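Reminder, nothing fancy here: chain letters follow the sequence lines and each chain counts from 1. Given the structure is predicted, the values throughout are model-derived calculations rather than measurements.
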Amino acid sequence: MEYGKKVTKPSCSSLKHLYQIHAHIITSGFHKDGFLISEILRVCALLPFGNLNYARLVLFRELNPKASSWNHVIRAYSKSKSPREALVVYVEMRKSRITPSELTFPFLFKACASLLAVKEGKQIQVHALKFGVSSNVYVQNGLINFYGSCREVNDARRVFDGMLIRTVVSWNSIVTACVENSMFDDSLLLFSDMRGFGFEPDSTTMVILLSACAELGNLSLGRWIHCQVIEKGLLINCQLGTALVDMYAKCGALYYARLVFDRMIERNVWTWSAMILGFAQHGLAQEALKVFEGMKINNVRPNYVTFLGVLCACSHARMVDEGYRVFHDMTHSYGIKPMMTHYGAMVDVLGRSGKLEEAYDFITRMPIDPDPPVWRTLLSACSIHDVTDSTSVGMKVRKRLLELEPERCGNLVMVANMYAEVGSWEEAANVRKVMKDLKLKKMAGESCVEVGGLIHKFFSGDDTRDCCEGIYQSLADRGY
DNA sequence: GTAGGGTTAG
């Protein structure tokens, strides 16, 4: 069972009771009571032990279901694994000439957000207008979330700016839209506007902003938000605690991540995973593995993210056998089907340990087609361990990558380097010329780090900054 | 005489 979350296990008897009650309603002639049917549908569609298919069947067999009956089923589909069904049910609802209510639209927008269905969402926005609920605050919040998820921040902003009544949720939604679309400055401006308008940020606001700090590596801001949390006396619940652990870990402040982690009363699978990944990504493999053990002792079931962290720890610690064992356990003991990223992580485990042939074999035996990042993981291992000659793993990988993405600039650079390494200067120059003719230019990789309130941006290959010498010296002192 | 809605986690 997930830590800190009350989970009602699917129980046959509960569902059986529900069927019995439904049968009773029918036999005693109460099935014409729209409210009763709507309640049956609510329980059946939305509660953990329910049966959405059954709810849908009941709904479609009803002669004249109330709008609330439709809403319950649409809502359940909008958060299910098949959100498209929410739209299908809505179409049926319209065919039955039932007028949607202000409660129908937030669920439809949620479905469109998960589907990234911009066109459909916009059509539904027109419906909301037609049915006179477009100024409802829930409908508008739903619209902001929909546009934000579909990367249409300007539209999200337009909805937000046009709102006459806003709630904290409206502010949180627009801040989320900015953060998710990497508009961090705007998100901070909105945060300050929010308080200017007299809205108290809640723990969700803080979670959103902390995720922005984590992404930016902005430790000062993250700390300041932590102070705000304490100052406001906000309860550090599971989500907020996890966001703090994640922020500190991503900003490299593992000590503070651990401190927050240890003080949390409730931890769920995300909390443990954030801590494991934090240690793993910063090379503290043993710490990461210890936390993983702790997680198991506390009976928290690992999920796919947890295993990414554990595999990452194994690759940093060059623990090949442990890596294989973890990969095997993930599927066979925990029933988690490996995703592309897990295969990539396993390739990294093998590659970093210099087992290039084995990694190559592993990729060729994958049950799904390896994507370019998986090949690139092996390539980066090759750049450390491989000796380039015409039969090397590195050479095979490069050829494969070029077949997969012939127009990717990075691959062309790579091929040019490959020719250069084996001394085929003419061919190397040819590839460079092709790139020049096609006006292809490789974007430099960039990263940023915050020190003393200032954000420093670094571009790959740019050694011209004043501080470079000091950084290289500091790395050399640490044996890199 | 009848209830339900949103945001967050690699």
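Side-chain atoms of A:His72 lie closest to B:dG4 of the nucleotides B:dT7, B:dG5, B:dG4. Among the nucleotides B:dT7, B:dG5, B:dG4, the one closest to the side chain of A:Asn71 is B:dG4. Among the nucleotides B:dG5, B:dA3, B:dT8, the one closest to any side-chain atom of A:Val207 is B:dT8. Distances from the side chain of A:Asp246 to the nucleotides B:dA9, B:dA3, B:dT2 place B:dA9 closest. Here B:dG1 is the nucleotide among B:dG1, B:dT8, B:dT7 with the atom lying nearest to any side-chain atom of A:Phe35. The side chain of A:Arg75 sits closest to B:dG5 out of B:dT7, B:dA9, B:dG5.
Taking 3.5 Å as the limit, the base of B:dT7 and the side chain of A:Thr204 contain a donor-acceptor pair of atoms between them. Counting atom types as modelled, A:Ser68 pairs a side-chain N or O with a base atom of B:dA3 as donor and acceptor under 3.5 Å. In the interface, the side chain of A:Asn136 is paired with the base of B:dG5 through a donor and an acceptor atom under 3.5 Å apart.
In this structure, A:Phe107 reaches the sugar-phosphate backbone alone: every heavy-atom distance under 4.0 Å involves primed, P, OP1 or OP2 atoms, never a base. Residue contacts for A:Gln140: at a heavy-atom cut-off of 4.0 Å it reaches no nucleic acid atom on any strand shown.
A heavy atom closer than 4.0 Å to some atom of DNA chain B occurs in A:Thr341, these being the qualifying members of residues 316-345 of chain A.
Applying the ring-ring contact (aromatic ring centres under 6.0 Å, His included) definition to pairs two or more places apart or across chains, those involving residues 217-240 of chain A are A:His226-A:Tyr248.
Using modelled atom types, one finds no donor on one side chain facing an acceptor on the other under 3.5 Å when comparing A:Asn181 with A:Asp186. Residues A:Tyr147 and A:Arg158 have side chains that never bring a donor and an acceptor to within less than 3.5 angstrom of each other. For the 3.5 Å distance criterion, the side chains of A:Thr205 and A:Asp202 qualify, holding a donor opposite an acceptor.
Per the geometry, OH belonging to A:Tyr248 stands 17 Å off C1' belonging to B:dA9, to the nearest Å. A:Arg166 places its CZ atom 24 Å from the P atom of B:dG5, with the value rounded to the nearest Å. Straight-line distance from the CG atom of A:Asn141 to the C1' atom of B:dT7: 9 Å, rounded to whole Å.
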When you look at A:Arg267 and A:Met275, which way does the side-chain contact (heavy atoms from CB on, under 4.5 Å) test go after all the steps?
-> CA-CA 11 Å; A:Arg267 306 181 192 107; A:Met275 197 64 252; over 6 Å; no
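Listed pair A:Lys66 / B:dT2 fails the phosphate criterion, with no side-chain N or O lying under 4.0 Å from OP1 or OP2.
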